[in-house]
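Input: a single structure, listed below in structure tokens.
Each chain gets a letter, A, B and so on, in the order its sequence line appears, and its residues count up from 1.
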2 protein chains.
Amino acid sequence: MSERRPGEIPEATVARLAVYLRVLTGLADDSTVTVSSEELAAIAGVNSAKLRKDLSYLGSIGTRGVGYDVTLLREKIASSLGLTQRRTCVLVGVGNLGHALAGYPGFSSRGFTFVGYFDVDPGRVGESIADSQISDISELESVVEANGVSIGVIATPAEAAQTVCDRLVDAGVTSILNFAPSVLTVPGNVDVRKVDLAAELQILSFHEHRKSRGLGDGLVESVG
Amino acid sequence: MSERRPGEIPEATVARLAVYLRVLTGLADDSTVTVSSEELAAIAGVNSAKLRKDLSYLGSIGTRGVGYDVTLLREKIASSLGLTQRRTCVLVGVGNLGHALAGYPGFSSRGFTFVGYFDVDPGRVGESIADSQISDISELESVVEANGVSIGVIATPAEAAQTVCDRLVDAGVTSILNFAPSVLTVPGNVDVRKVDLAAELQILSFHEHRKSRGLGDGLVESVG
DNA sequence: AACCGCTTGTGAACGTAAGAACAAAGTCGA
DNA sequence: TCGACTTTGTTCTTACGTTCACAAGCGGTT
Ligand SMILES: NC(=O)c1ccc[n+]([C@@H]2O[C@H](COP(=O)([O-])OP(=O)(O)OC[C@H]3O[C@@H](n4cnc5c(N)ncnc54)[C@H](O)[C@@H]3O)[C@@H](O)[C@H]2O)c1
Ligand SMILES: NC(=O)c1ccc[n+]([C@@H]2O[C@H](COP(=O)([O-])OP(=O)(O)OC[C@H]3O[C@@H](n4cnc5c(N)ncnc54)[C@H](O)[C@@H]3O)[C@@H](O)[C@H]2O)c1
């Protein structure tokens with residue numbers, strides 16, 4: 001039934017490809033030449049069958065009886081993720097979190113170039129940040145358009161997030177990473193991913209709750 | 001076939017409950033008394049059938065013909081997520097990102113109390129942070145044990161993450177939120193959630209790539 | 001007290017994802 | 001050149017998640 005067009009990679013697989021890529025970079029740094037699905041899966045913390053299936057969407061890359069060529073696999077994954085070209089990004093909202101993001105070298109090393117940092121607070125505009133400085137939000141559109149920016153990162157308070165998002169989208173941004181705890185509405189051609197840290201803690205809280213309830217129901221049952 | 005024990009809430013649902021809770025808090029602040037699944041779903045950005053099914057795992061909470069009582073629903077969700085008791089947390093690694101996390105008031109307001117901030121850098125130990133100060137990592141175990149800490153947040157470099165994780169687990173922590181780009185190995189009773197920001201950008205990159213390829217394949221096809 | 005309109009809760013259909021298992025396809029040594 | 005051995009790529013099965021569609025249930029109205 002479920003024929004998948006070649007080149008159509010499942011969403012769950014895409015998320016894992018990023019992990020494999022990071023692991024492979026580590027292996028390449030250790031001068032590892034080939035790696036088996038079993039080894040790679042162990043390091044990446046996934047099932048080896050799942051890993052092989054994930055990689056099979058990229059074509060037949062491995063060598064039976066041997067494994068995968070680390071360099072080749074890395075290139076294949078990078079190319080599937082569209083990382084052969086550097087992507088330009090902007091960051092809007094350079095507060096606590098924005099400063100941490102702006103100072104993080106891991107984005108640049110993985111192919112993302114931040115061409116602008118924007119804030120509405122006049123007290124922050126002009127401040128040096130990374131190898132650049134904070135611009136006034138009014139310059140957002142011109143920078144986005146001049147650089148063909150495709151990814152916008154939002155780290156403003158929740159109240160401002162939708163407005164900022166609308167401006168980014170109008171200026172031509174087609175992917176948004178949102179750190180504000182708010183649901184963004186965008187046109188169909190725009191992708192949004194959210195990072196909701198409080199929700200992460202709440203999910204952990206749920207499991208804590210479940211674990212302690214299980215203890216009460218199961219182990220203390222013997223009291224009756 | 002797929003009988004689900006009462007009280008067994010699917011993982012995907014748990015993640016959304018946190019979102020509903022946030023939305024409901026906003027509605028409660030606006031003094032909204034009742035809300036229909038349609039309205040709530042629209043605000044939360046999900047399908048209304050999915051929302052109703054999610055809520056149905058918590059029992060029969062709504063009133064047919066009317067909707068859900070905002071206050072009651074909020075309490076039900078909070079209780080399902082184990083948020084009736086405040087949870088104690090520690091943060092390990094107070095660098096760029098750690099500072100942002102420590103200064104964020106949204107965790108406390110949602111029921112999470114940070115009882116310790118730890119770093120290995122002697123230059124940072126003693127520094128004031130939030131309403132507390134940074135402790136030396138050597139004090140980790142005693143603080144965790146004294147406070148019955150259940151959640152540990154790791155914001156150290158990747159190299160240190162597994163070691164820190166092991167120490168947290170040995171001290172009794174059973175949930176970990178990991179910001180370092182590394183795969184953590186833990187015993188079966190410990191839950192780990194990871195936040196991988198570079199991966200988020202790479203996933204967006206994938207979709208950018210796909211969109212531009214689609215443009216080439218589909219719309220420019222008319223050149224032939 | 002009977003009806004009507006509205007909204008929930010859920011069964012059934014569909015789609016996506018995970019995992020076990022194994023045939024196919026390669027390497028390497030003799 | 002052949003055979004033993006290793007590991008991939010894929011098929012099949014089972015589990016999980018989403019969406020549709022509608023009967024059941026409730027409040028308000030006459
Ligand atoms: N700091 C954290 O660890 C953390 C954790 C979880 C979620 N968040 C969320 O991330 C977002 C940012 O958090 P933060 O701690 O950095 O907050 P912050 O208040 O320190 O920073 C917000 C920044 O956005 C700027 N800003 C406000 N409106 C703007 C606009 N319209 N255009 C451009 N800039 C604007 C402000 O001037 C400020 O500099 C918030 O939505 C917060 O809820 C932060
Ligand atoms: N800053 C970001 O925006 C960002 C984005 C994505 C991922 N990350 C990841 O989050 C982690 C932290 O990032 P950062 O930018 O804050 O780095 P950072 O170098 O600024 O901070 C790391 C802190 O951890 C401390 N540390 C090191 N080893 C430790 C140990 N064994 N025990 C306790 N503390 C220790 C260091 O002293 C330092 O203060 C890194 O793994 C990074 O890859 C950060």
Side-chain angles (χ1 to χ4, degrees), chain A residues 1-20 24 27 32-70 72-73 76-77 80 203 206-207 210, chain B residues 1-20 24 27 32-70 72-73 76-77 80 203 206-207 210:
Chain A
M1 287 305 113
S2 58
E3 279 304 295
R4 198 182 279 275
R5 291 203 306 282
E8 287 287 330
I9 304 178
E11 195 59 31
T13 292
V14 173
R16 285 189 296 267
L17 287 178
V19 175
Y20 305 152
L24 286 166
L27 290 176
T32 306
V33 177
T34 57
V35 66
S36 73
S37 64
E38 207 71 51
E39 293 167 321
L40 188 51
I43 305 174
V46 301
N47 179 299
S48 71
K50 184 153 68 178
L51 180 135
R52 287 198 298 278
K53 189 177 291 194
D54 285 342
L55 298 185
S56 76
Y57 292 114
L58 312 187
S60 221
I61 300 174
T63 307
R64 292 166 197 238
V66 177
Y68 300 88
D69 180 281
V70 171
L72 177 68
L73 183 52
K76 277 279 187 183
I77 294 178
S80 305
I203 294 166
F206 169 81
H207 290 292
R210 192 175 46 75
Chain B
M1 290 306 117
S2 60
E3 280 304 297
R4 198 184 280 275
R5 291 203 308 284
E8 287 289 329
I9 304 178
E11 194 60 31
T13 293
V14 173
R16 286 189 295 267
L17 287 178
V19 176
Y20 305 153
L24 286 166
L27 289 175
T32 306
V33 177
T34 57
V35 66
S36 73
S37 63
E38 208 71 50
E39 295 167 320
L40 188 51
I43 305 173
V46 301
N47 178 299
S48 70
K50 183 152 67 178
L51 181 137
R52 287 198 297 279
K53 186 161 286 199
D54 284 342
L55 298 185
S56 77
Y57 292 114
L58 313 186
S60 220
I61 300 175
T63 308
R64 290 164 197 240
V66 179
Y68 299 89
D69 180 282
V70 171
L72 177 66
L73 183 53
K76 275 280 188 183
I77 293 178
S80 304
I203 293 166
F206 169 80
H207 290 292
R210 193 175 46 74

Look at the side-chain N and O atoms of Tyr68(A) and state whether any lies under 4.0 Å from the OP1 or OP2 oxygen of dG26(C). no
Counting just side-chain N and O atoms, does Asn47(A) come under 4.0 Å of either OP1 or OP2 of dA17(C)? no
Rounded to the nearest 0.5 Å, how far does OH of Tyr20(B) lie from OG1 of Thr13(B)? 7.0 Å
When the distance from CG of Asp69(B) to P of dC26(D) is rounded to whole Å, what number comes out? 16 Å
Does a side-chain N or O from Ser37(A) land closer than 4.0 Å to OP1 or OP2 of dT7(D), or not? no
Checking dT18(D), dT7(D), dG9(D) against the side chain of Ala12(B) (C-beta onward), the nearest is dT18(D)
When the distance from CD of Glu8(B) to P of dA15(D) is rounded to whole Å, what number comes out? 15 Å
Contacts of Ile61(B) and Lys50(A) projected onto DNA chain C by closest heavy atom; the upstream (5') one is Ile61(B)
Choosing from dA17(C), dT27(C), dG17(D), which nucleotide comes nearest the side chain of Glu11(A)? dA17(C)
Point-to-point distance, once rounded to the nearest 0.5 Å, from CG of Asn47(A) to CD of Glu38(A): 8.5 Å
Mind checking Leu55(B) for me? I need base, sugar-phosphate or nothing, with any heavy atom below 4.0 Å counting as a touch. nothing
How close do Tyr68(B) and Ile61(B) get, heavy atom to heavy atom, and via which atoms? CD2-C, 4.2 Å
Lys53(A): what forms a side-chain contact (heavy atoms from CB on, under 4.5 Å) with it, not counting sequence neighbours? Ser56(A), Tyr57(A)
Separation of Leu40(A) atom CG from dT8(D) atom C1', in whole Å? 13 Å
Going from CZ on Arg16(B) to CG on Leu55(B), what distance comes out if it is rounded to the nearest 0.5 angstrom? 10.0 Å
Counting side-chain heavy atoms from C-beta on, which of dT27(C), dT8(C), dC26(D) comes nearest to Thr63(B)? dC26(D)
Ser80(A): what forms a side-chain contact (heavy atoms from CB on, under 4.5 Å) with it, not counting sequence neighbours? Ile9(A), Leu58(A)
Shortest non-hydrogen contact from Val46(A) toward Lys50(A): CB-CE, 4.2 Å
side-chain contact (heavy atoms from CB on, under 4.5 Å) against Leu40(B), all qualifying residues, sequence neighbours excluded: Val23(B), Leu24(B), Leu27(B), Val35(B), Leu51(B), Leu73(B)
Taking salt bridge (charged side-chain N to carboxylate O under 4.0 Å, His left out) as the definition, give me every residue that meets it alongside Arg52(B), ordered by chain and number, with sequence neighbours left out. none
Interatomic distance where CG belongs to Asp54(B) and C1' belongs to dT19(D) [whole Å]: 12 Å
Can you check the Tyr57(B) OH to dT8(C) C1' distance for me, whole Å? 15 Å
Leu51(A) has an atom CG; how far is it from atom P of dT8(D), in whole Å? 9 Å
Compare every heavy atom of Ala41(A) with every heavy atom of Ser48(A), then report the nearest pair and how far apart it is. CA-CB, 3.5 Å
With each end axis built from five pairs of C1' atoms, what bend angle do you get for the helix from dA1(C)-dT30(D) to dA30(C)-dT1(D)? Round to 10°. 0°
Atom NZ of Lys76(B) to atom C1' of dT8(C): distance rounded to whole Å? 16 Å
Could you pull out the protein-nucleic contacts involving nucleotides 10-12 of chain D (nitrogen or oxygen on both sides, under 3.5 Å)?
none

Length of the CG-P vector between Leu58(B) and dT10(C), whole Å: 12 Å
